[in-house]
Q: 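Handing you a structure now.
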There are 2 protein chains.
Amino acid sequence: MRIKNYYKNLPHKTIERLSQYRRALFICLDNGKTHIFSHEIAQIQHITPVQVRRDLMLIEYSGTLRKGYNIQDLIDVISDIIDDKDGIKAAIIGMGNLGRAVLKYVRGKRNKLEIVAGFDSNPEKIGKTFEGIKCYSVEDLEDEIKKQNIKLGILSVPGDKAKDTTQHLVNAGIKGILNYSPKPVNVPDGVYLEEYDMITTLEKVAFYIKMNEEMEKEASKKDNPEKGKGR
Amino acid sequence: MRIKNYYKNLPHKTIERLSQYRRALFICLDNGKTHIFSHEIAQIQHITPVQVRRDLMLIEYSGTLRKGYNIQDLIDVISDIIDDKDGIKAAIIGMGNLGRAVLKYVRGKRNKLEIVAGFDSNPEKIGKTFEGIKCYSVEDLEDEIKKQNIKLGILSVPGDKAKDTTQHLVNAGIKGILNYSPKPVNVPDGVYLEEYDMITTLEKVAFYIKMNEEMEKEASKKDNPEKGKGR
DNA sequence: TTTTACCTGTTATTTTATTAACAAAAATTT
DNA sequence: AAATTTTTGTTAATAAAATAACAGGTAAAA
């Protein structure tokens with residue numbers, strides 16, 4: 001029997017992958033597929049089939065031997081776990097390029113996450129509508145968050161505004177913050193925080209490019225005297 | 001003695017944190033500080049002081065007892081490891097909101113990563129300049145990448161263009177790709193790929209908000225009969 | 001009908017990452 | 001000058017994540 005709330009012990013990485021699986025599954029569904037093998041999901045996500053099966057084992061979803069997983073069923077099971085059944089309302093704070101990019105990303109995705117408001121300090125943006133979302137003044141931040149029962153704050157303000165804005169969000173009783181700004185912020189216990197910094201990943205890629213090049217250079221140095229038998 | 005190329009075995013997570021430390025250190029330096037303790041770095045990054053010290057141990061950097069780490073020195077050591085000394089040239093493919101957001105993020109950061117070109121398919125954008133970076137037609141992608149010796153491609157195109165664009169980047173001999181687009185892409189061996197999907201993190205935050213709420217609800221159910229001795 | 005190939009589900013093992021524990025050394029206090 | 005505090009650097013222990021190994025069952029092929 002499925003233990004009640006078993007999913008509360010799912011590894012963080014599994015949660016992330018479930019979200020990714022679901023998006024891949026939607027695409028497959030749109031392409032007319034009804035079933036999918038673990039190795040197919042794995043290939044899309046650049047992971048191993050075992051990992052896929054292990055994740056699905058953890059959420060106690062079973063496929064059919066030699067037929068794979070029923071895509072629609074699996075989507076439903078994943079959604080049951082990761083979505084709030086009443087939906088979660090989110091706001092974007094900072095309607096610059098980044099904020100608007102996130103808005104476009106999220107719009108039309110088939111999940112229970114609903115962006116209901118944007119905030120900015122720029123008078124030219126206040127009152128305007130982006131992708132169907134109204135942009136309020138940051139001055140109204142606390143009021144609107146409370147009024148509309150917004151639980152998730154997407155922080156896409158410049159670094160120097162991050163700290164203050166976070167404080168306002170916390171004051172308003174926000175439940176989770178996704179910080180896209182370049183500066184880490186602090187939140188009290190009970191507020192879930194995820195820092196999502198674009199520069200780190202960029203510098204990481206640059207590092208591994210550099211490292212690969214250096215390793216190639218060394219390999220060719222070593223190979224040449226021996227007339228390069230390696231590949 | 002520092003073993004040559006010791007840093008090639010650094011854990012991936014350490015590489016990520018080094019990038020983060022460095023940015024935090026720049027800010028501290030700007031604020032007039034000269035030294036910093038491990039617990040101070042830790043607090044900024046929401047990690048433990050042990051982890052900071054362990055990372056610095058791995059890069060064989062030593063601080064001064066009871067004085068902490070010399071900020072400028074540490075910045076230099078980290079830079080020595082993660083930066084390519086000749087710099088790495090990067091291009092942004094897709095000059096929509098996301099691409100321009102990344103551009104703004106990176107501009108003026110004191111690292112050896114240089115964004116030298118943008119690409120887009122929209123005729124209105126081609127030939128224009130964003131943040132000082134010229135936007136080329138995607139048709140010229142392969143040529144420009146080769147001509148300018150661009151090694152890092154930042155993919156910020158819509159999902160349906162991701163696959164084709166990646167192929168062009170690979171054809172042009174790109175060394176690393178950071179994929180911000182909502183669809184995973186495939187690259188051959190020798191090309192370093194990092195998928196950096198905004199939705200996953202967003203859904204993760206939503207999940208933990210939901211979970212925290214459910215746990216609170218349960219806790220209050222359990223607490224009430226006993227007149228709530230918990231805090 | 002038997003054999004083979006294929007694919008799932010699960011446990012065991014290995015690897016990677018984090019945290020704890022503590023020795024040593026310098027500044028500060030008593 | 002002895003004791004205490006603070007902070008580093010390192011090793012040891014634990015936890016989390018990924019991978020390997022393999023049992024078992026089903027469809028297809030021989």
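Reckoned from all heavy atoms, side chains included, excluding hydrogens, waters and symmetry mates. Each chain gets a letter, A, B and so on, in the order the sequences are listed, and its residues count up from 1. Note that this is a predicted model, so its numbers are computed, not measured.
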Q: Could you state the atom-to-atom distance from CZ of B/F37 to P of D/dT6 in whole Å?
A: 11 Å
Q: Which nucleotide wins on minimum distance to the side chain of B/Q51, given the candidates C/dT19, D/dG25, D/dT7?
A: C/dT19
Q: Just one of A/H12, A/E194, A/K175 clears the side chain to side chain donor-acceptor pair (under 3.5 Å) bar with B/Y208, so which one?
A: A/H12
Q: Rounded to whole angstroms, how far apart are CD1 on A/I47 and P on C/dT15?
A: 20 Å
Q: Ignoring the backbone of B/S38, work out which of D/dG9, D/dT8, D/dA21 is nearest its side chain.
A: D/dT8
Q: Does B/R54 make a side-chain donor-acceptor contact with the base of D/dT10, cut-off 3.5 Å?
A: no
Q: Looking at D/dA21, D/dT10, D/dT26, which one has an atom nearest to any side-chain atom of B/R53?
A: D/dT10
Q: For the side chain of B/S62, starting at C-beta, report the closest nucleotide among D/dG9, C/dG9, C/dT10.
A: D/dG9
Q: Check A/I82, A/D76, A/D80, A/I81 against A/I78 for a side chain to side chain contact (heavy atoms under 4.5 Å, CB included) and give me the one that passes.
A: A/I82
Q: What's the closest nucleotide to the side chain of A/K13 if the choices are C/dT19, D/dA18, D/dT8?
A: D/dA18
Q: Once you measure the plane-to-plane angle for B/Y196 and A/Y196, does it fall in the parallel (<30°), tilted (30-60°) or perpendicular (>60°) bin?
A: parallel
Q: Rounded to whole Å, how long is the line connecting atom NE2 of A/H39 with atom C1' of C/dG9?
A: 16 Å
Q: Could you check how far CD1 of A/I36 sits from C1' of C/dC7, rounded to whole Å?
A: 14 Å
Q: For B/N171 and B/Q167, does a side-chain donor sit closer than 3.5 Å to a side-chain acceptor?
A: yes
Q: Among the nucleotides D/dG24, D/dA17, D/dA18, which one has an atom lying closest to any side-chain atom of A/R17?
A: D/dA18
Q: Does the pair A/D86 and A/K151 meet the rule for a salt bridge (Lys or Arg N to Asp or Glu O under 4.0 Å), with working shown?
A: CA-CA 12 Å; A/D86 301 321; A/K151 290 178 183 169; over 6 Å; no
Q: Can you tell me how far apart CD1 (A/I115) and CG (B/L202) are? Round to the nearest 0.5 Å.
A: 6.5 Å
Q: Is it true that A/E216 and A/N212 share a donor-acceptor pair across their side chains at a distance under 3.5 Å?
A: no
Q: Between A/K67 and A/M57, which has a closest nucleotide on DNA chain C that is more 5'?
A: A/K67
Q: Mark yes or no for a side-chain to base donor-acceptor pair under 3.5 Å between B/R66 and D/dT7, with no hydrogen or angle criteria applied.
A: no
Q: From C/dA21, D/dA21, D/dT26, pick the nucleotide closest to the side chain of A/L65?
A: D/dT26
Q: Could you state the interatomic distance from NZ (A/K112) to CD (A/E114), rounded to the nearest 0.5 Å?
A: 9.5 Å
Q: For the helix from C/dT1-D/dA30 to C/dT30-D/dA1, figure out the bend between the end axes, five pairs an end, and round to 10 degrees.
A: 10°
Q: Please give, in whole Å, the distance from D/dG9 P to B/L56 CG?
A: 8 Å
Q: Take atom CG of B/N9 and atom C1' of C/dA17, then tell me their distance rounded to the nearest Å.
A: 16 Å
Q: Using a 4.0 Å heavy-atom cut-off, does B/T14 contact any base of the nucleic acid, only the sugar-phosphate backbone, or nothing at all?
A: nothing
Q: Using atom CG of B/D55 as one end and atom C1' of C/dT19 as the other, report the distance to the nearest whole Å.
A: 13 Å
Q: How long is the line joining CG of A/L58 and P of C/dT10, in whole Å?
A: 10 Å
